[in-house]
Amino acid sequence: MAHPKRRQSSTRRDKRRTHYKIEAPQIAIDKTTGEAHLYHRAHWTDGKLYYKGKVVLEKVQEVTE
């Protein structure tokens, strides 16, 4: 009967035995704008950066002369 030439590492063994599957990312709806975004992430809407329903930053347009 065939035998392995080298011992397989525990990392390789554990990778084979894992049953983790990829999941769809959780999507949150912003309470002020109604936009869908990833949880715990800021998102841009209409030139404003929102986080937890509050405006964090506004986009500033540069004036070229």
Side-chain angles (χ1 to χ4, degrees):
M1 199 152 73
H3 292 288
K5 196 164 195 172
R6 289 187 172 45
R7 179 179 174 165
Q8 198 170 39
S9 71
S10 59
T11 305
R12 287 183 65 117
R13 179 199 65 209
D14 293 344
K15 278 193 224 176
R16 184 182 68 248
R17 291 180 180 176
T18 187
H19 294 286
Y20 294 130
K21 302 290 185 246
I22 191 165
E23 297 176 3
Q26 287 188 325
I27 303 293
I29 304 297
D30 191 23
K31 53 189 169 188
T32 50
T33 61
E35 289 285 324
H37 63 93
L38 291 174
Y39 275 102
H40 308 290
R41 304 287 195 289
H43 62 96
W44 287 97
T45 304
D46 298 329
K48 297 178 182 178
L49 185 68
Y50 287 89
Y51 185 70
K52 292 186 178 180
K54 298 178 184 173
V55 177
V56 180
L57 242 162
E58 291 194 27
K59 192 171 187 178
V60 180
Q61 294 180 350
E62 294 181 13
V63 179
T64 56
E65 295 177 22

Asker: Does some side-chain heavy atom of R16 sit less than 4.5 Å from a side-chain heavy atom of Q8?
Answerer: yes

Asker: So, using side-chain contact (heavy atoms from CB on, under 4.5 Å) as the criterion, who are the partners of S9 when residues are at least two apart?
Answerer: T11, R12

Asker: side-chain hydrogen bond (donor to acceptor under 3.5 Å, both in side chains) with R6: which residues, sequence neighbours excluded?
Answerer: none

Asker: Only counting residues at least two apart or in another chain, list the ones meeting side-chain contact (heavy atoms from CB on, under 4.5 Å) with A36.
Answerer: I27, I29

Asker: R7: what forms a side-chain contact (heavy atoms from CB on, under 4.5 Å) with it, not counting sequence neighbours?
Answerer: none

Asker: If you look only at distance, which donor and acceptor atoms sit under 3.5 Å apart when one is on a side chain in residues 39-51 and the other is two or more places apart or in another chain?
Answerer:
from : atom 1 : to  : atom 2 : distance (Å)
R41  : NH1    : Y39 : O      : 3.3
H43  : ND1    : T45 : OG1    : 3.3
H43  : NE2    : D30 : OD2    : 3.4

Asker: My understanding is that only residues two or more places apart in sequence, or in another chain, count here; which of them pass side-chain hydrogen bond (donor to acceptor under 3.5 Å, both in side chains) with E58?
Answerer: none

